[in-house]
Amino acid sequence: MKGMKGRSGFGVSQFLMGLCLIVLGVFTFLSPRSIFTGVAVVYGVAAVITGICDIVIYIKEERFTGFGPVVSLISGIFSMMTGIALLAYPGIAEWIVALLFPLWFITHCISRLTHTALIRFIAGDFYYYFSLIVNILGLALGFLMLLRPVLTFVAVGYLIAFCLVAFGIECIVIAFSDMGSRW
């Protein structure tokens with residue numbers, strides 16, 4: 001087992017993205033109604049940051065393996081579109097949440113699922129299964145929100161809070177794994 005001194009690096013972007021997602025998730029648990037307009041700007045910034053990180057992951061994996069999963073690029077673009085829309089029109093956040101957040105969840109989870117083989121190879125089985133479970137749950141939640149917009153309006157705060165915390169934990173786990181030192 002490698003100690004911290006033997007590591008070649010630390011997944012700073014994954015760690016920062018994880019912290020951001022956990023803070024947003026905790027805030028949403030504490031104030032679930034605030035998601036619609038009060039913190040639309042904060043969620044917009046988070047979506048832009050995760051979009052940039054997904055695009056960076058695409059570029060780095062392209063360099064590391066010789067090809068980058070296009071899903072990461074698409075996920076990054078959808079995340080950035082969601083963020084820009086929230087930043088530009090915070091008053092319509094309810095509709096953006098009902099339509100774009102499910103798409104963001106779906107594309108983000110698909111993007112992360114495309115990396116699971118690499119995660120297993122580099123970081124091991126625990127990180128692989130953790131990432132697999134979190135992203136399958138996020139994928140199911142994304143499709144559920146997309147198919148049932150009423151559910152999105154009623155329970156979106158708690159559902160999104162749970163996934164944001166889970167995505168944040170996943171990012172931090174990756175940051176501390178051998179995988180994090182490469183991203």
Side-chain angles (χ1 to χ4, degrees), residues 7-28 35 39-88 93 96-97 100-123 127-128 130-139 141-142 145 159-183:
R7 296 190 56 180
S8 61
F10 174 70
V12 175
S13 66
Q14 289 291 314
F15 183 76
L16 292 176
M17 182 169 51
L19 283 179
C20 180
L21 292 172
I22 289 172
V23 167
L24 288 173
V26 169
F27 181 78
T28 303
I35 191 171
V39 264
V41 172
V42 176
Y43 286 96
V45 169
V48 169
I49 290 170
T50 58
I52 291 169
C53 287
D54 279 344
I55 292 170
V56 167
I57 288 170
Y58 166 79
I59 292 168
K60 286 187 176 196
E61 194 164 327
E62 173 80 27
R63 287 184 194 157
F64 183 69
T65 64
F67 68 94
V70 176
V71 175
S72 292
L73 183 61
I74 293 169
S75 172
I77 291 168
F78 271 122
S79 291
M80 290 182 66
M81 285 173 43
T82 301
I84 291 167
L86 283 168
L87 291 170
I96 292 171
V97 167
L100 291 181
F101 260 34
L103 293 176
W104 175 35
F105 270 59
I106 291 166
T107 58
H108 180 76
C109 291
I110 290 171
S111 172
R112 291 296 191 161
L113 287 169
T114 64
H115 304 298
T116 56
L118 187 60
I119 289 171
R120 184 178 222 172
F121 177 72
I122 294 173
Y127 301 111
Y128 165 78
F130 184 81
S131 182
L132 191 66
I133 290 168
V134 165
N135 287 292
I136 288 173
L137 289 174
L139 193 60
L141 176 61
M145 287 190 300
L159 296 172
I160 289 176
F162 171 78
C163 276
L164 288 171
V165 170
F167 291 152
I169 291 169
E170 177 198 16
C171 289
I172 290 173
V173 166
I174 288 172
F176 282 101
S177 74
D178 287 339
M179 184 89 169
S181 65
R182 295 170 194 241
W183 286 359

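Here the structure is a predicted model, which is why all the values come from computation and not from measurement.
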*Output, in order, the C-alpha distance, side-chain angles, deciding distance and verdict of side-chain contact (heavy atoms from CB on, under 4.5 Å) for Phe167 and Phe105.*
CA-CA 10 Å; Phe167 291 152; Phe105 270 59; 4.0 Å; yes
_Does Tyr58 form a side-chain contact (heavy atoms from CB on, under 4.5 Å) with Ser111? I'd like the steps, not just the answer._
CA-CA 9 Å; Tyr58 166 79; Ser111 172; over 6 Å; no
*After noting the C-alpha distance and the side-chain angles of Gln14 and Glu170, does the key distance pass the side-chain contact (heavy atoms from CB on, under 4.5 Å) rule?*
CA-CA 9 Å; Gln14 289 291 314; Glu170 177 198 16; over 6 Å; no
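Using a 4.5 Å heavy-atom threshold, the side chains of Ile22 and Ile172 count as touching. No side-chain heavy atom of Val165 sits under 4.5 Å from any side-chain heavy atom of Leu21. The shortest distance between side-chain heavy atoms of Met81 and Leu103 does not fall below 4.5 Å.
Between Asp54 and Ser72, the side chains place no donor N or O within less than 3.5 Å of an acceptor N or O (distance only, hydrogens not considered). Side chains of Trp104 and Thr82: a donor-acceptor N/O pair is absent below 3.5 angstrom, by distance only.
Of all the heavy atoms in Ile84 and Val48, the pair that sits closest is N-CG2, 4.0 Å. Closest approach of Gly76 to Ile55, counting heavy atoms only: CA-CG1, 3.9 Å.
To the nearest 0.5 Å, atoms SG (Cys20) and CG (Leu16) are separated by 9.0 Å. Distance CZ/Phe130 to CG/Asn135: 9.5 Å, rounded to 0.5 Å. Separating the CZ atom in Phe78 from the CD1 atom in Ile110 is a distance of 10.0 Å, to the nearest 0.5 Å. Residue Ile169 holds its CD1 atom at 11.0 Å from CG of Leu19, rounded to the nearest 0.5 Å. Leu113 contributes atom CG, which lies 6.5 Å from atom CG of Leu139 (distance to the nearest 0.5 angstrom). Separating the CD1 atom in Ile57 from the OG1 atom in Thr114 is a distance of 9.0 Å, to the nearest 0.5 Å.
Between Phe176 and Phe15, the distance from one ring center to the other falls under 6.0 angstrom.
In this structure a side-chain-to-backbone donor-acceptor pair under 3.5 Å is present from Thr50 to Ala46. Between the side chain of Ser79 and the main chain of Ser75, a donor-acceptor pair closer than 3.5 Å is present.
If you run side chain to side chain contact (heavy atoms under 4.5 Å, CB included) between Arg112 and each of Val134, Leu132, Ile174, Ile136, only Ile174 comes through.
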